[in-house]
> 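Here it is, the structure, as structure tokens.
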Amino acid sequence: MTAFAPSFVSLRVLVVEPDHDLSLTFDTILGHDGHTVTITRDAPSAMDAAAHEPYEFAFVDTRIGPQAIETLTEAFRAAGNDTAVVLVADLAEHVDGATLHRVGGEAVLPTPFGAVELRGVIAKVYGPRYIAAMRKRRVLAQDQAAV
């Protein structure tokens, strides 16, 4: 199996985070790892960013509301993007599996968090996509070599 480390892949990451300090944490850690980071503060600016650029990954704060999160994830799908969505929630906030599924999220990143937790959730959520893409490329290369 191919190993995956978040810092080996440069992702386009959308962060929807109303809190200035928390958005700086995302920008610092993800930027250090070589990812392209777009920070937005609310649902309308996130929708605008998503309309102009495809993202592989999105961190969305639950404070923007479940309806806005659901609309954003639907916009990703409508654009044909396989954007991995992780909800960012206060440690005291419980996000159950049904809510996570309903809004289109794949995991929850509780705050506060550090670099290890942030990189870990990227590996957990994006890792299987990365491995599947590598396998697909390998199969295509083998098929082309056989021709």
Side-chain angles (χ1 to χ4, degrees), residues 1-140:
M1 179 182 283
T2 306
F4 174 80
S7 60
F8 290 172
V9 179
S10 180
L11 301 173
R12 288 174 300 228
V13 180
L14 177 64
V15 176
V16 186
E17 179 52 61
D19 182 87
H20 179 70
D21 291 336
L22 199 51
S23 65
L24 285 176
T25 301
F26 277 107
D27 193 40
T28 300
I29 296 169
L30 296 171
H32 177 268
D33 287 350
H35 304 300
T36 303
V37 183
T38 301
I39 304 289
T40 61
R41 300 270 183 236
D42 54 31
S45 59
M47 291 294 291
D48 185 53
H52 291 95
E53 183 174 351
Y55 293 94
E56 287 94 13
F57 215 96
F59 288 97
V60 183
D61 196 295
T62 57
R63 288 178 289 178
I64 71 166
Q67 187 76 24
I69 297 168
E70 189 174 2
T71 302
L72 182 59
T73 56
E74 287 172 3
F76 288 140
R77 283 191 291 268
N81 300 327
D82 183 26
T83 305
V85 177
V86 170
L87 303 183
V88 180
D90 184 86
L91 190 57
E93 180 182 1
H94 175 70
V95 179
D96 62 25
T99 301
L100 187 64
H101 178 72
R102 181 175 59 84
V103 300
E106 297 179 47
V108 177
L109 176 64
T111 61
F113 61 85
V116 171
E117 293 85 5
L118 183 57
R119 290 173 180 137
V121 78
I122 292 172
K124 175 184 169 191
V125 174
Y126 190 77
R129 287 174 166 83
Y130 176 79
I131 291 169
M134 294 295 287
R135 285 184 180 145
K136 185 176 179 180
R137 280 187 234 152
R138 185 175 64 230
V139 168
L140 287 174

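Any value given below was found using the heavy atoms of this structure, including those in side chains, with hydrogens, waters and symmetry copies removed.
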> Write down the atom of Ala68, the atom of Ala43, and the distance for their closest heavy-atom approach.
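In terms of heavy atoms, the two residues are closest at CB-CB, 3.6 Å.
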> Would you check if the side chain of Glu117 reaches a backbone N or O of Gly114 as a donor-acceptor pair within less than 3.5 Å?
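Checked: pair present.
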> Would you call Ile122 and Leu11 a side-chain contact if the rule is heavy atoms closer than 4.5 Å?
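Yes, side chains in contact.
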> Which atom pair, heavy atoms only, marks the closest approach of Thr73 to Val103?
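Minimum heavy-atom separation between Thr73 and Val103: OG1-O, 2.7 Å.
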> Taking all non-hydrogen atoms of both residues into account, name the closest pair between Met47 and Ala75 and its distance.
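Distance-wise, the nearest heavy atoms are CE-CB, 3.7 Å.
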> Does the Asp61 side chain pair with the main chain of Arg63, one donor and one acceptor, at a distance under 3.5 Å?
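Checked: pair present.
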> With rounding to the nearest 0.5 angstrom, report the CD1 to CD1 distance, Ile69 to Ile64.
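One finds 5.0 Å between CD1 of Ile69 and CD1 of Ile64.
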> Could you tell me the separation between the NE2 atom of His35 and the CZ atom of Arg119, rounded to the nearest 0.5 Å?
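Those atoms lie 8.0 Å apart.
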> Please report the interatomic distance CG(Leu72) to CZ(Arg77), rounded to the nearest 0.5 Å.
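If I round to the nearest 0.5 Å, the distance is 10.0 Å.
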> Parallel, tilted or perpendicular, judged at 30° and 60°: which one describes the rings of Phe26 and Phe59?
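Tilted, since the angle between the ring planes falls between 30° and 60°.
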> Do you know the tightest heavy-atom contact between Ala46 and Val16?
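Looks like CB-CG2, 3.5 Å.
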> Under 3.5 Å, is there a donor-acceptor pair between the side chain of Glu106 and the main chain of Val86?
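Here the side-chain-to-backbone pair does not exist.
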> Hey, could you give me the OG1/CG distance between Thr38 and Asp27, rounded to the nearest 0.5 Å?
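With rounding to 0.5 Å, OG1 (Thr38) is 9.5 Å from CG (Asp27).
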> Ile39 and Val37: which non-hydrogen atoms are nearest, and at how many Å?
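Scanning both residues completely, I find the closest heavy atoms to be CD1-CG1, 3.6 Å.
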> Is any side-chain heavy atom of Phe113 closer than 4.5 Å to a side-chain heavy atom of Leu22?
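Counting from C-beta outward, Phe113 and Leu22 do come under 4.5 Å.
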> Using 0.5 Å steps for rounding, measure from the CG atom of Leu118 to the CD1 atom of Ile29.
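Those atoms lie 5.0 Å apart.
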> For the residue pair Val85 and Gly104, what are the closest heavy atoms and their distance?
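Closest approach of Val85 to Gly104: CB-O, 3.8 Å.
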> Within the distance-only criterion (no hydrogens, no angle test), does the side chain of Ser23 pair as donor or acceptor with the backbone N or O of Glu17 below 3.5 angstrom?
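Not confirmed, Ser23 side chain does not pair with Glu17 backbone.
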> Is a side-chain donor or acceptor of Thr40 paired with a backbone partner of Val15 at a separation under 3.5 angstrom?
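Confirmed, Thr40 side chain pairs with Val15 backbone.
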